[in-house]
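Here's the structure, in structure tokens; my notes come after.
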Amino acid sequence: MLPNIPRQLRRIVLGLAAALAALPVAGQEAVSFALDWVVNGTHAGYFIAQEKGFYREAGLDVTISRGFGSGDTIKRVASRSAQIGLADTGAIIAARANDDIPVRIVAMIYDHATLGLIYLAESGIKAPKDIEGRAIGRSASGATVNMFPGFLKANGIDRSKIREVVVDGATFAPLLMSGKVDAVLEQSINIGKFRRAAAQQGKTALAMSYADFGLEVYGNALIVNPVTLREKSELVQRFVTASLKGMAYAFDNLDEAIAAIRKNNPEVDATAAKDELVTLKEMDTNAELRRNGLGTLDIPRLEKTRDIVTEALSLKRKVSVEDIYAPGFLPKTPIVPGAK
């Protein structure tokens with residue numbers, strides 16, 4: 001409280017205080033990091049990296065901002081309004097192929113995409129073709145929306161026979177439970193909160209993954225602008241290493257990681273966030289990643305992802321791996337959950 005200071009002066013003092021608080025800590029480099037979507041359990045690694053001081057130890061003062069879909073995050077990184085971003089690999093390929101948007105993957109976060117639909121068993125939907133004649137809820141943008149045409153094409157679905165309801169993602173569950181839509185375009189990694197909402201009404205929520213119906217591709221990845229890679233290569237490598245260290249810690253300390261998220265994002269439901277984090281952990285603790293470490297990717301699989309996305313979305317051209325991936329930014333010593 002500043003009771004004896006005139007109002008105008010008080011505003012100036014408070015403004016200066018806020019500005020000073022936003023400055024990076026002495027000796028640390030400021031990094032702006034844009035997520036793919038609203039804060040959720042899959043982002044726990046970045047928040048625990050802040051909470052445990054992994055970024056600080058790497059000489060970084062990281063600001064994390066929510067995303068508005070992979071397409072938006074890609075544009076933010078391309079324009080350098082965010083130095084580093086988290087976005088879907090399919091969206092990255094499409095942005096590069098169609099619009100020559102210059103971003104590069106530096107670490108793979110989702111070993112496979114979790115894009116798809118969530119629906120109720122009671123709706124009678126059992127196969128992709130069953131969504132014809134239905135109302136589908138979706139957001140205005142995002143990786144799941146961007147790859148929807150590919151899913152339709154791969155399964156011979158007539159889009160003109162679907163009624164698409166564009167809404168905010170926060171309303172997906174209420175719309176689905178009320179029967180106002182028959183399914184929503186949502187990542188299967190978020191199925192937990194839908195299952196709980198459905199169970200309260202004696203119903204069953206199910207997920208249909210694009211990957212199970214013709215679109216088996218890589219998922220979210222860390223991306224950087226090529227200019228940033230040239231000018232701040234060491235910063236990028238330090239960020240990647242600290243972030244992967246945070247992911248491994250989050251996988252090994254689930255409750256602590258969720259608490260780190262909710263410290264500054266109390267609106268995040270702890271139970272749902274833990275479900276999401278557990279699902280990501282299960283995805284990223286396969287034999288290959290236990291051997292090679294978090295963040296790694298397989299070039300032949302990336303090429304296959306490129307080919308699937310190019311065909312499914314009828315992209316203007318087939319990009320090279322070099323167009324979308326910049327190697328050499330992973331930690332020299334592999335980071336593996338459970339390692340001592």
Side-chain angles (χ1 to χ4, degrees), residues 12-40 42-67 73-87 102-109 220-253 256-266 268 293-295 326-337 339:
I12 294 173
V13 171
L14 292 175
L16 287 172
L20 289 171
L23 292 173
V25 178
Q28 294 183 321
E29 294 183 83
V31 177
S32 54
F33 175 46
L35 300 175
D36 56 322
W37 196 235
V38 294
V39 176
N40 60 63
T42 65
H43 304 135
Y46 314 113
F47 289 95
I48 203 70
Q50 276 190 328
E51 184 70 15
K52 301 298 292 185
F54 300 156
Y55 288 136
R56 184 173 62 252
E57 291 166 5
L60 305 174
D61 181 37
V62 178
T63 300
I64 303 173
S65 61
R66 64 151 290 181
T73 298
I74 290 167
K75 290 176 183 176
R76 290 164 70 183
V77 173
S79 67
R80 301 176 73 188
S81 61
Q83 288 170 291
I84 302 174
L86 178 68
V103 298
R104 300 289 189 279
I105 293 169
V106 291
M108 187 59 62
I109 302 302
N220 285 359
L222 293 178
I223 57 171
V224 183
N225 187 299
V227 175
T228 303
L229 290 178
R230 289 195 302 271
E231 297 178 353
K232 301 271 189 179
S233 60
E234 194 176 316
L235 177 148
V236 173
Q237 187 158 36
R238 282 184 278 136
F239 177 87
V240 170
T241 298
S243 297
L244 296 179
K245 185 177 178 182
M247 279 182 63
Y249 189 95
F251 290 162
D252 293 337
N253 302 273
E256 185 179 353
I258 299 307
I261 291 179
R262 299 189 73 248
K263 183 175 181 179
N264 292 309
N265 301 276
V268 173
L294 294 173
F329 291 92
L330 294 174
K332 293 179 174 60
T333 301
I335 294 175
V336 181

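Side chains are part of it too, since the values below use all heavy atoms of this structure and drop only hydrogens, waters and symmetry mates.
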What's the separation between atom [atom1] in [X] and atom [atom2] in [Y], rounded to the nearest 0.5 Å?
X	Y	atom1	atom2	answer
I223	D36	CD1	CG	10.0 Å
M247	F54	CE	CZ	13.0 Å
I258	N265	CD1	CG	11.0 Å
S81	N225	OG	CG	10.0 Å

When you compare the side chain of [Y] with that of [X], does any pair of heavy atoms fall below 4.5 Å?
X	Y	result
Q237	K332	yes
R66	V38	yes
V39	F47	yes
Y46	Y55	yes
I48	I261	no
N264	I64	no
L222	F239	yes
W37	L86	no

Side-chain donor/acceptor of S32 to backbone N/O of Q83, under 3.5 Å: yes

Under 3.5 Å: donor-acceptor pair, side chain of Q28, backbone of R56: yes

What pair of heavy atoms forms the shortest contact from [X] to [Y], and how long is it?
X	Y	value
L229	A326	CD1-CB, 3.7 Å
T228	V236	CG2-CG2, 4.2 Å
L330	V240	CD2-CG1, 4.1 Å
A44	A257	CB-CB, 3.9 Å
G59	R238	O-NH1, 3.7 Å
A248	I335	CB-CG2, 3.7 Å

Check against side-chain contact (heavy atoms from CB on, under 4.5 Å), E234 and E29: CA-CA 11 Å; E234 194 176 316; E29 294 183 83; over 6 Å; no

By side chain to side chain donor-acceptor pair (under 3.5 Å) - contacts of E256 (at least two apart):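 E256 satisfies side chain to side chain donor-acceptor pair (under 3.5 Å) with K52, Y249 once adjacent residues are dropped.
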
I109 and L244: CA distance, side-chain angles, deciding distance, side-chain contact (heavy atoms from CB on, under 4.5 Å) verdict: CA-CA 9 Å; I109 302 302; L244 296 179; 4.2 Å; yes

Partner set under side chain to side chain contact (heavy atoms under 4.5 Å, CB included) for S65, not counting sequence neighbours: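 Here the qualifying residues are A34, R76.
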
For P102, side chain to side chain contact (heavy atoms under 4.5 Å, CB included) partners two or more places apart: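 Checked P102 against side chain to side chain contact (heavy atoms under 4.5 Å, CB included); matches are A78, R96, P226.
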
